[in-house]
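From a predicted model like this one, the values you see are computed outputs, not experimental measurements.
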Amino acid sequence: MNATVSAHASQRDRVALQAFERIASAWKLSIAERRMLLGGVPKTTYDRWRRAPDRANLTTDTLERISHVLGMYKALHVIFTDAGDADAWIGEPNTRFGGASAKAHMLGSFTQLVETRRYLDTVRGS
């Protein structure tokens with residue numbers, strides 16, 4: 001990999017992690033929940049990413065997971081006019097998920113993360 005490609009990937013990973021962290025904070029996700037959403041990332045790896053996001057080397061899977069989180073965040077902020085309501089929705093019980101919260105549902109598996117994203121995209125009308 002040449003230096004230009006490596007620098008671009010490093011910047012992309014840093015930006016992705018920083019966006020993920022802002023959303024995870026808004027959604028009040030615990031560190032364990034954040035690691036789970038990122039694909040069960042080991043604690044030491046996650047801690048290293050948080051300390052030095054510019055040196056993170058994210059996998060395609062991790063980037064895809066972050067992309068789904070970004071899409072859900074965007075959809076929620078389109079659906080709800082109040083940012084607090086948009087961010088709180090993720091933790092509230094929902095009949096769509098059998099009474100569980102969207103957060104609990106999407107933490108179940110990658111498939112459930114994608115289902116949650118698709119549901120919000122449908123509600124948003126995209």
Side-chain angles (χ1 to χ4, degrees):
M1 181 180 302
N2 69 37
T4 303
V5 172
S6 179
H8 175 71
S10 175
Q11 180 180 11
R12 176 205 61 208
D13 293 354
R14 177 183 53 78
V15 170
L17 281 172
Q18 289 172 334
F20 175 81
E21 284 298 315
R22 283 192 300 276
I23 293 168
S25 292
W27 288 353
K28 298 177 175 45
L29 300 180
S30 69
I31 297 300
E33 291 167 336
R34 294 171 195 212
R35 291 177 39 232
M36 183 64 70
L37 269 184
L38 292 173
V41 175
K43 184 175 180 349
T44 54
T45 301
Y46 180 74
D47 290 344
R48 187 174 59 246
W49 289 351
R50 289 189 74 190
R51 279 192 314 275
D54 55 319
R55 294 197 335 241
N57 185 15
L58 304 181
T59 65
T60 302
D61 177 67
T62 303
L63 287 166
E64 185 175 358
R65 288 168 178 275
I66 291 173
S67 175
H68 286 296
V69 169
L70 291 169
M72 287 186 281
Y73 183 82
K74 178 182 176 182
L76 286 166
H77 284 263
V78 169
I79 294 165
F80 294 94
T81 56
D82 180 80
D85 291 342
D87 294 333
W89 181 89
I90 209 82
E92 296 173 358
N94 191 309
T95 56
R96 171 67 174 90
F97 306 117
S101 67
K103 176 174 73 171
H105 184 74
M106 68 184 177
L107 286 170
S109 69
F110 178 74
T111 301
Q112 290 171 284
L113 172 66
V114 173
E115 286 173 359
T116 307
R117 165 84 186 272
R118 285 186 183 145
Y119 170 69
L120 287 171
D121 285 346
T122 300
V123 171
R124 182 182 75 161
S126 60

Would you mind checking if Asp47 and Arg51 are paired as a salt bridge, meaning a charged N to carboxylate O distance below 4.0 Å?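 No, no charged N to carboxylate O under 4.0 Å.
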Does any N or O in the side chain of [X] come within less than 3.5 Å of the main-chain N or O of [Y], such that one atom is a donor and the other an acceptor?
X     : Y      : value
Arg35 : Val41  : yes
Ser67 : Leu63  : no
Asn94 : Ala102 : no
Ser10 : Asp54  : yes

Tell me if the CG atom of Asp61 is crowded by more than 12 foreign heavy atoms within 6.0 Å.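 Check passes, neighbour count above 12.
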Does [X] belong to the same Ile/Leu/Val/Met/Phe/Trp/Tyr cluster as [Y], with side-chain heavy atoms less than 4.5 Å apart forming each link?
X      : Y      : answer
Leu37  : Val15  : no
Trp49  : Met36  : yes
Leu113 : Tyr119 : yes
Leu107 : Val114 : yes

With the side chain counted from C-beta on, respond yes when [X] and [Y] share a heavy-atom pair under 4.5 Å apart, and no when they do not.
X      : Y      : result
Arg22  : Tyr73  : no
Met72  : Met106 : yes
Leu120 : Trp89  : yes

Between Gln18 and Arg14, do the side chains contain an N or O donor and an N or O acceptor separated by less than 3.5 Å?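 Distance-only check passes for Gln18 and Arg14.
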Distance, nearest 0.5 Å, that separates [atom1] of [X] from [atom2] of [Y]:
X      : Y     : atom1 : atom2 : value
Ser101 : Arg96 : OG    : CZ    : 13.5 Å
Thr62  : Tyr46 : OG1   : OH    : 12.0 Å
Arg117 : Lys74 : CZ    : NZ    : 8.5 Å

Quick one: do Trp27 and Leu76 satisfy side-chain contact (heavy atoms from CB on, under 4.5 Å)? Show the steps, please. CA-CA 11 Å; Trp27 288 353; Leu76 286 166; 4.0 Å; yes
After noting the C-alpha distance and the side-chain angles of Arg34 and Ser25, does the key distance pass the side-chain contact (heavy atoms from CB on, under 4.5 Å) rule? CA-CA 9 Å; Arg34 294 171 195 212; Ser25 292; 3.4 Å; yes
